[in-house]
Amino acid sequence: MAFKDPELQVNFINFNQDCTSLAIGTRTGYKLFSLNSVDKLDLIYESPCRDVTIVERLFSSSLIALVSQSSPRRLRVCHFKKGTEICQYSYSNTILAVKLNRARLVVCLEEALYIHNIRDMKVLHTIRETPPNPRGLCALSINSDNCFLAYPGSTTSGEVQLFDAFNLQAKLMIPAHDSPLAAVSFNPSGSRLATASERGTVIRIFNVMDGTRLIEFRRGVKRCAHVYSLSFSHDSHFLALSSNTETIHIFRVEEGVLQPPEQAPPKQVAAAPTGQEEGWMGYLSKAVTASASYLPAQVTDTLNQFRAFSTVTVPSTGIPNIVSIANLSRQTRLLMASADGYFYVYNIPALGGECTMLKQHKLDTECTLQEPEQDVMPPKKPLSPPDSPAVIPITQEEHCSGTEDSPPPTVHIPEV
């Protein structure tokens, strides 16, 4: 997740695919932290380089993808343990997001997506002329067997385009919301896709194979919110959502399975973990379920939306953050990393309700191992060996909205 506020210490923060490490990009470099303990946040690696805006790690490997503010169109793929650069690619516009799994690396520009083979970094396919996507919103399934890519299909509504990134073909379009998309996230198996719109009130989960809506949750009714992140737990039993409000919501997925009205049990009631909704709302929900076949569709849909199983009250409202649900110290925990440089660990109560904070860590955002100039200087003589990744023909008119003279995507592989 990238942050553009110059007053924040962190430019970028994200978990790796299996949530075993945390990566941050700052004004002075980037750092990788290990997530294997509640009490300690061990430093794996740090490297000083100016204004890192994207740093993505491939699972627990040594492969990382880097983008800096000084070269926003250049992607560097590095082996951080060896301290070597594998290759770099230059694009015709600013790189907004990079997504990885064990088969593919995807680079997101405002109006194009590039799909690379992770093994040799060849460009396999380019999705051209996508709807303007200035936030770089996209998601890549971490499961290579269900290697799907999701991105916005419209700037005026919440359409999601699904693309098979392994077989390199369009799959389907899902009309997820009436308002434009704000967040998309696959579950670990790549079989489900969670979405939220710019209104931030309703969260939906879809079947990736046929686009059917499976589950629907409601974050709120009256107040809209700007959604920061969506994240499934490793077992897909929970879904966490963070926003610019004071509350993080955790939904229990198994509670939210939708049933056709005619098949719904007559006494089905929305989950109420703390018992507050057993009054008139619970009675009304029972009545609506029993009479769903003749009530207006909007009323039925609203009362079939499930509420949060558990919540967290964030320490700093309005500070951008990213959340994940992971197994830490053999228990399922909610993890939150915020743009002000703090990392939090919360428990998730077995019966739901308010989570309690177990640990707060202050992230050291300064990188001082070596002089920054040594890490950011590009090679003096770019090389193009015969076995380098292929360069696909791309014109400036297709991919650059500005008038600046920008080169087509080019590749460099340094000698090892």
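Note that the structure is a prediction, hence the values are computed from the model and not measured. Computation of the quantities below employed the complete heavy-atom set of this structure, encompassing side-chain atoms and omitting hydrogens, waters and symmetry-equivalent molecules.
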Where Ser60 and Asn16 come nearest, the two heavy atoms and their spacing: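 The pair with the smallest heavy-atom distance is N-ND2, 4.1 Å.
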Can you see which heavy atom on Cys108 is nearest to which on Leu113, and at what distance?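 Residues Cys108 and Leu113, closest heavy atoms: CB-CD2, 3.6 Å.
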Just wondering, do [Y] and [X] contact through their side chains at under 4.5 Å, heavy atoms?
X	Y	value
Phe80	Arg57	yes
Leu149	Leu162	no
Ser310	Cys355	yes
Met209	Phe148	yes
Tyr344	Met357	yes
Asn146	Val208	no
Arg218	Val202	yes
Met336	Pro315	yes

NZ of Lys82: more than 12 outside heavy atoms within 6.0 angstrom? no
Within the 3.5 Å criterion, strictly below it, is a donor on [X] or [Y] matched to an acceptor on the partner's side chain?
X	Y	result
Ser243	Thr245	yes
Glu111	Thr130	no
Asp235	Ser233	yes
Asn327	Thr332	yes
Ser157	His177	no

Option from Leu328, Leu358, Val323 for which side-chain contact (heavy atoms from CB on, under 4.5 Å) with Leu334 holds: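 The passing option is Val323.
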Check whether any side-chain N or O of [X] sits under 3.5 Å from a backbone N or O of [Y] as a donor-acceptor pair, and report yes or no.
X	Y	answer
Arg135	Ala182	yes
Arg73	Tyr91	no
Asn187	Ser191	yes
Asn207	Gly211	no
Gln69	Asp51	no
Tyr30	Cys367	no
Asn117	Asp120	no
Ser71	Arg74	no
Asn11	Val52	yes
Glu198	Ala225	no

Spatial distance of atom [atom1] ([X]) from atom [atom2] ([Y]) [nearest 0.5 Å]:
X	Y	atom1	atom2	answer
Leu32	Ile44	CG	CD1	5.5 Å
Ile13	Ser229	CD1	OG	11.0 Å
Asn321	Leu335	CG	CG	12.0 Å
His79	Ile64	NE2	CD1	10.0 Å
Leu105	Leu75	CG	CG	6.0 Å
Ile248	Ser231	CD1	OG	11.0 Å

salt_bridge(Arg199, Asp178) N-O dist < 4.0 Å: no
Does the ring center of [X] lie less than 6.0 Å from the ring center of [Y]?
X	Y	answer
Tyr89	His116	yes
Tyr151	Phe163	no
His249	Phe309	no

When you look at Thr94 and Glu110, which way does the side chain to side chain donor-acceptor pair (under 3.5 Å) test go after all the steps? CA-CA 8 Å; Thr94 299; Glu110 183 171 351; over 6 Å; no
Derivation and outcome, side chain to side chain donor-acceptor pair (under 3.5 Å), residues Thr356 and Asn347: CA-CA 6 Å; Thr356 56; Asn347 80 322; 2.8 Å; yes
Is Arg307 close enough and on-axis enough to Phe217, meaning under 6.0 Å and within 45°, for cation-pi? no
Test side chain to side chain donor-acceptor pair (under 3.5 Å) on Asn143 and Ser189 and set out the steps. CA-CA 6 Å; Asn143 186 349; Ser189 67; 5.5 Å; no
